[in-house]
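Residue numbering restarts at 1 for every chain, and letters A, B, ... go by the order of the sequence lines.
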Number of protein chains: 2
Amino acid sequence: MAIERHVPVAEQVAILLHGRIADGTYAPGDRLPSEAELADELAVSRGTVRSALAVLATAGLIVRRQGDGTYVTGVMSAERSLMHVMWEFTRAIELSGHVPSIRVVSLQQRPATEKEAAALNIGLGEQVLSVLRVIHADERPAFLSTNVHPANLFTQAIDQLDGTIEMRRFLQRYCNREIVCGDMDVSAAMPSAEVRDALSLGANVPVLLVESVFYDADGRPLVLSTSYYGGDKLSFHDVRRSYPWAKTR
Amino acid sequence: MAIERHVPVAEQVAILLHGRIADGTYAPGDRLPSEAELADELAVSRGTVRSALAVLATAGLIVRRQGDGTYVTGVMSAERSLMHVMWEFTRAIELSGHVPSIRVVSLQQRPATEKEAAALNIGLGEQVLSVLRVIHADERPAFLSTNVHPANLFTQAIDQLDGTIEMRRFLQRYCNREIVCGDMDVSAAMPSAEVRDALSLGANVPVLLVESVFYDADGRPLVLSTSYYGGDKLSFHDVRRSYPWAKTR
DNA sequence: TAGTGGTCTAGACCACTTG
DNA sequence: AAGTGGTCTAGACCACTAC
């Protein structure tokens, strides 16, 4: 028998409301029913409705105005931060209207370099799993990406691993770990000959270089990722996350 | 008599706990008192304590583990997203250990171009306020930035505006608007002669180009910002914001 | 098993916007 | 004045972890 997963009520409410926005029951510009009405209709407490609405508001799907009401914005994507782009290349490519595919160049286990050991918080020379891939958009190479994981996260033999799945799912499936945050460096660079080749670029075309370390909820490094992007630009949406009380005087 | 600002209890609790973490009362690695103990000590409800802790957890200052406890992480900066970097250049420069300064190149009012009108959701040819600035780090130019605002946000005469203050404060002070989210494009580019000059760059050095539109809580565009960054790399920290239920199956 | 954080409820009052 | 979202409370039960 499958594990019975307890699904929080607020989550179910959020999914339900998300569905109503997605299918146009609540269309962009519409005002949603009040918290009290929703609580009444769904037979849950007002606090539960508020939790669900807070999720949708944070995602940008709705806007809430005290004394007025809750309105549908028309924004539908909740996963457009730069971090999401970097850990879910294919979704980012889909969102921009192209067809993604992942090709594995190499997948190997080897000792960590000094830089990798420092970033992943492991001993120098400890084993790492290194995955080099090219992510295509409509059969044209877009990203050249190297993911380096601490090998001790994995229990499977290396030839059991499927390198064509997205980094985040890869970590979920094989390590049962969830990416929660990341430190990222973005810079402009002239590509080396290898990178230029892999991305089929002309001469004298700069690329974006994104170097990231992603962590789980406990702050453990899961992956050091180095990605070159040869396309036009990376687009994303960001929402404020500073302290609400951090007013500028 | 000054306006009496009502300060939510949860916010006061968050500030208090933030202070205890900052001053080492709760040191990195320490376990915080339980929610019940904090609620008891501060004479507030457990829900209020939870709200405060949620803010600190989102900022990354603490980690919470069900059945175990709440722990201090050692991470102190809550404002390191790329969006914050782009709207608070000087803070980003400070965080990287340098001394920032802002120099205004020009500040003028003129009709909007087609691109500006589209981005700012105003009519073509409506007036905009355009601010061109160079942001220095330790007397070396780091960013060349143009901010274009809808002129109708401003009531002051143009010569009353102080262009040396940060964009976010600028909007707060003169328009009473708060930046809440933004759409951003990041790309690598070869700088034009003017940009190369302004940033004192050598030949054949690529720059980062960040084009952003920032919005207030109601989705109104406040500014179209175009920034060139001539330094090594932009570093920032990002926290997951996808739907908690958006599990990858 | 005791104690932690996670969720939900029902009710109250406040701040704000709209008519 | 009526109705909205924003905040806070007190209490309950559950899921999980450490001992």
Can you tell me the distance, in whole Å, between the [atom1] atom of [X] and the [atom2] atom of [N]?
| X | N | atom1 | atom2 | result |
| --- | --- | --- | --- | --- |
| A:Leu53 | D:dT4 | CG | C1' | 12 Å |
| B:Leu38 | D:dT9 | CG | P | 13 Å |
| A:Leu32 | D:dG5 | CG | P | 9 Å |
| B:Asp40 | D:dT9 | CG | P | 13 Å |

B:Thr164 to B:Asp162 - nearest heavy-atom pair and separation: OG1-OD1, 2.7 Å

What is the minimum heavy-atom distance between A:Ser96 and A:Ile93, and which atoms define it? OG-O, 2.8 Å

B:Ser51: side-chain contact (heavy atoms from CB on, under 4.5 Å) partners, not counting sequence neighbours: B:Ala10

Give each protein N/O atom lying under 3.5 Å from an N/O atom of nucleotides 10-12 of chain D, with the pair distance.
| from | atom 1 | to | atom 2 | distance (Å) |
| --- | --- | --- | --- | --- |
| D:dA12 | N6 | B:Arg46 | NH1 | 3.2 |

For B:Tyr26 and B:Asp23, does a side-chain donor sit closer than 3.5 Å to a side-chain acceptor? no

A:Ser225 and A:Glu211: side chain donor to acceptor below 3.5 Å: no

Between B:Arg110 and B:Glu126, is the closest basic N to carboxylate O distance under 4.0 Å? no

May I ask you to decide whether A:Arg169 forms a salt bridge with A:Glu178, counting only side-chain N to carboxylate O separations under 4.0 Å? no

Dump every N/O contact between nucleotides 2-4 of chain C and the protein below 3.5 Å, one line per pair.
| from | atom 1 | to | atom 2 | distance (Å) |
| --- | --- | --- | --- | --- |
| C:dG3 | N2 | B:Gly67 | O | 3.0 |
| C:dT4 | O2 | B:Gly67 | N | 3.1 |

Is the Lys NZ or Arg CZ of B:Arg65 less than 6.0 Å from the centre of B:Tyr71's six-membered ring, within 45° of the axis? yes

